[in-house]
Amino acid sequence: MTGISTKTVLTMAALAGFSTCAFAQGAAPTPWELKPDMGYAYGKDGKTLSYKMGTNNAGTLLKGAKKVPKGTLFFLGENGQLYIRTGPYLEDDGRFKFGTN
């Protein structure tokens, strides 16, 4: 009976340790939820907007458009200006390079 209770206690301690590690890491940031048939804009006044898209002018819309490269980071600077960075922004272990210490 002692062997079973010791095993149970060790199992509970291990599970508690795993759950503590999970809470310490925090939730991963959620990605933007971009949807088909929607347009997203950063207006001249610095406001972000979204628009329901149609298909009647799709050719005109795509004419001057460029694909966003994979691995692109978007962020607002202290001045409210929207910036992009295509260089590395993650550490080797997957943490954000420019996050809080």
Side-chain angles (χ1 to χ4, degrees):
M1 186 109 168
T2 306
I4 293 173
S5 61
T6 303
K7 190 174 186 179
T8 303
V9 170
L10 290 175
T11 302
M12 295 299 287
L15 289 175
F18 290 141
S19 64
T20 303
C21 293
F23 286 124
Q25 289 177 354
T30 56
W32 290 353
E33 189 176 336
L34 301 178
K35 297 180 181 178
D37 298 326
M38 291 295 294
Y40 303 91
Y42 181 64
K44 291 181 180 182
D45 57 0
K47 293 181 181 178
T48 54
L49 307 162
S50 61
Y51 300 97
K52 178 71 177 150
M53 306 272 291
T55 56
N56 59 344
N57 294 340
T60 305
L61 178 66
L62 288 171
K63 190 179 278 185
K66 297 179 183 174
K67 290 182 180 180
V68 175
K70 291 182 181 179
T72 301
L73 173 68
F74 298 88
F75 62 97
L76 287 176
E78 290 181 8
N79 58 0
Q81 178 66 45
L82 181 65
Y83 292 92
I84 65 169
R85 178 183 169 101
T86 55
Y89 55 88
L90 296 177
E91 299 286 356
D92 292 337
D93 62 0
R95 288 182 301 127
F96 186 57
K97 223 180 227 191
F98 308 103
T100 59
N101 293 332

**Student:** Would you mind listing every salt bridge (Lys or Arg N to Asp or Glu O under 4.0 Å) that reaches into residues 86-99, with sequence neighbours excluded?
**Tutor:** D93-R95
**Student:** According to salt bridge (Lys or Arg N to Asp or Glu O under 4.0 Å), does anything in residues 59-87 pair up with another residue at least two apart or in another chain? List the pairs.
**Tutor:**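 Sorted result for residues 59-87: empty, none.
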**Student:** Taking a hydrophobic cluster as the set of Ile, Leu, Val, Met, Phe, Trp and Tyr residues connected by side-chain heavy atoms closer than 4.5 Å, whether directly or through intermediates, do F74 and Y89 fall within one such cluster?
**Tutor:**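 No.
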**Student:** Taking side chain as C-beta onward, heavy atoms only, is F96 less than 4.5 Å from L73?
**Tutor:**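 A side-chain contact under 4.5 Å exists here.
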**Student:** Testing the basics here: between M53 and G39, what is the closest heavy-atom pair and its distance to 0.1 Å?
**Tutor:**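 Minimum heavy-atom separation between M53 and G39: CG-N, 3.3 Å.
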**Student:** Heavy-atom distance under 4.5 Å between the side chains of Y40 and L49, does that happen here?
**Tutor:**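 Result no, sub-4.5 Å side-chain heavy-atom pair not found.
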**Student:** Let me confirm one number: the OG1-OH distance from T48 to Y42, rounded to the nearest 0.5 Å.
**Tutor:** 9.0 Å
**Student:** Between F98 and Y83, is there a shared hydrophobic cluster once you connect ILVMFWY residues whose side-chain heavy atoms come closer than 4.5 Å?
**Tutor:** yes
**Student:** Check this for me: K52, atom NZ, are more than 12 non-hydrogen atoms of other residues, nucleotides or ligands nearer than 6.0 Å?
**Tutor:**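 Above 12, so yes.
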